[in-house]
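To start, the structure under review is shown below, and the notes come after it.
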Amino acid sequence: MGGIGLGSADGILSYITLVLRYVLPIPALLVVARCAVSLLCGKHGDATWGYLSLPNGARVPLRHWENIIGRARDADCHMSYPSLSRSHAAVIRDSAGAWRVYDLGSKGGVRVNGESVAPGPGHDIKSGGLIDLGSVQLVFVSSDDELPPLAGDAPPPRNWAGKIKPGATAALLTEFQLMLGIQACIAKADALTAAVPFAFASLIAIMWFCYAMTRAMGRQGFEIETLAFFLCSVGLSAAASSAPEALLRQTGFLAFGVFLFFAVGWFLRDLNRAVRLRWPIGALGAVMLAINLALGTTAFGAKNWLQIGGVSFQPSEFVKIAFVFAGAATLDRLFAKRNLLLFIAYAGACVTALAAMRDFGSALVFFSAFLIIAFIRSGDAATVFLSVGAAAFAGVLAASARSHIAARFGSWGHAWENTDAAGGFQQTRAMAAAASGGLFGVGSGNGWLWRVFAADTDLVFAMTCEELGLVIAIASVLAITAISAFAVRAAASARSSFYVIGACAAASILLFQSALNVLGSNDLLPFTGVTLPFISRGGSSLISCWGLLAFIKASDTRPGASFAAVRGGWQNGEPKSFGGGTSDDTY
């Protein structure tokens with residue numbers, strides 16, 4: 001067997017390590033593939049919250065809590081009457097079951113039961129009420145009444161996840177985690193401490209506890225969490241190689257991150273509460289940045305660390321959650337220019353504070369999220385292009401004022417010309433290590449990149465390539481991509497624009513941050529020093545990623561899968577009404 005003597009204990013361990021190198025990618029690819037297929041091919045529940053009866057007797061279903069009525073093709077209630085504006089009116093339901101009609105600046109005006117609706121405050125409407133949109137009269141019917149189903153209301157297949165069982169996928173991931181743990185223990189040999197097996201055992205226990213909690217709450221979907229735990233497993237393997245003494249802390253951070261995931265998910269179940277408190281949460285984020293700017297400590301060129309009672313953390317990581325809260329809004333607030341301008345000012349303050357701290361990687365991540373939120377809220381590409389132009393101008397000014405920023409951009413694409421200088425030392429080592437790993441890696445703990453500074457944080461993708469191989473490294477990127485793609489796909493059936501914006505903004509942060517880390521370490525983008533979500537070692541980043549994941553989970557409208565259940569969902573092929581009373585959207 002290639003010089004390996006199987007008669008000795010060392011030979012047996014070497015053989016096990018060799019086998020694990022080639023076997024590990026199999027469960028990794030299966031876990032990512034099964035989750036991606038279930039997330040991107042599973043059917044979303046189409047809840048019907050009410051109907052609009054047209055003059056010709058046809059009925060238009062209200063599929064969301066917030067519905068735009070207009071002539072535009074992408075309107076929720078598309079009606080091709082020439083007297084209608086493209087976005088004429090909005091019909092919106094609150095969590096208590098009350099409905100209001102809003103005029104969206106239409107030319108023909110809006111009347112409810114003969115009373116004019118002024119732009120802004122809206123007008124209450126009850127089941128059986130008349131909505132007059134210029135020359136078009138509609139009858140509003142609430143889903144609280146007994147209504148015969150429409151032809152399109154047929155139940156989805158018996159199992160919305162097809163034949164892919166989340167429990168079986170989690171079992172596959174457990175096999176992957178066990179093999180990673182065995183490989184890490186063998187690599188440490190005589191230097192092995194109890195922290196390594198304890199960390200992997202704790203990871204498995206936390207994952208199955210999370211799965212049990214999910215099932216106890218009546219939810220079947222576990223794909224998003226499974227992908228996150230897969231990424232955390234890869235990150236724990238990197239930490240076991242580079243900093244085994246920090247494994248217990250990293251496990252504690254993971255446990256706290258999962259707790260935050262459930263806490264934010266519970267908070268998002270009540271839409272009115274989330275909307276009411278979004279600006280106080282946003283203000284708290286701004287205060288955290290202000291304190292960081294005034295009292296923070298400088299590390300590695302950026303003043304982005306805050307130390308309290310001997311504990312150091314990065315406030316900017318937690319401000320990401322507050323930023324998403326502040327940016328998300330319900331439809332009745334999207335059309336208020338004051339609300340949008342207030343968020344633009346808030347985003348500008350956050351990015352400026354991060355730039356003042358020299359944390360330009362985080363500033364870029366925040367700005368990418370701002371562009372996504374601004375486009376979804378305004379639908380105006382010109383606003384986005386104007387923002388990009390302003391940011392480019394600000395970047396040129398910053399590069400001219402800060403020499404280290406100019407050096408970063410100056411070394412971009414020239415890392416091999418500065419192999420021993422600050423502009424290329426880390427990247428050249430990262431690229432060499434990644435290339436040496438090949439498809440299957442050299443085995444956990446058998447690489448050398450962990451000796452380079454920030455190998456398990458800023459360069460963790462290259463470290464994964466070296467030790468676990470390109471296959472698992474690419475699977476990690478695909479896992480983050482699948483989560484982000486699901487957020488975009490779920491937007492079409494989300495009950496509120498708050499969940500759409502929150503999920504898409506959170507996904508953009510995770511995806512853009514991943515791109516900066518992966519491409520920056522390979523000199524395809526300027527090296528900004530941001531972490532790879534769920535994989536890079538560190539508490540602030542890991543906890544923040546789990547908090548952001550809750551926004552994506554809340555947007556999941558598949559029956560029995562989300563934090564926020566939809567009324568009239570389906571279970572085992574039969575209709576099921578969640579909750580009771582007038583507020584039956586959560587359970």
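The structure presented is a predicted model; accordingly, all values stated were derived computationally and were not measured.
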(message) Among residues at least two apart in sequence or on other chains, which ones pass side-chain hydrogen bond (donor to acceptor under 3.5 Å, both in side chains) with Trp279?
(response) none
(message) For Gln183 and Thr17, which I'm curious about, is there any donor-acceptor pair between the side chains at under 3.5 Å?
(response) no
(request) Please name the residue in the list Phe551, Phe367, Phe366 that meets the ring-ring contact (aromatic ring centres under 6.0 Å, His included) test with Phe323. (result) Phe366
(message) Can you list everything that forms a side-chain contact (heavy atoms from CB on, under 4.5 Å) with Ser508? Sequence neighbours excluded, please.
(response) Ala369, Ile372
(request) Could you tell me whether Phe229 and Trp208 have their ring centroids closer than 6.0 angstrom? (result) no
(message) Taking Glu225 first and then Lys553, would you say they form a salt bridge - that is, a charged N and a carboxylate O separated by under 4.0 Å?
(response) yes
(message) So which atom in Pro166 and which in Phe222 form the shortest heavy-atom distance, rounded to 0.1 Å?
(response) CB-CB, 3.9 Å
(request) For the pair Trp546 and Phe261, name the ring-plane relationship: parallel under 30°, tilted 30 to 60°, perpendicular over 60°. (result) perpendicular
(message) Are Phe325 and Phe267 an aromatic pair, judged by ring center distance below 6.0 Å?
(response) yes
(message) Tell me the closest heavy-atom pair linking Asn517 and Ser536, and the distance in Å.
(response) ND2-OG, 4.3 Å
(request) Would you please name every residue forming a side-chain contact (heavy atoms from CB on, under 4.5 Å) with Ser362, sequence neighbours left out? (result) Ser316, Leu354, Asp359
(request) Verify whether one side chain among Ser241 and Glu467 offers a donor that lies under 3.5 Å from an acceptor in the other. (result) yes
(request) Identify whether NZ of Lys or CZ of Arg in Arg429 sits under 6.0 Å from the centre of the six-membered ring of Phe425 and within 45° of that ring's axis. (result) yes
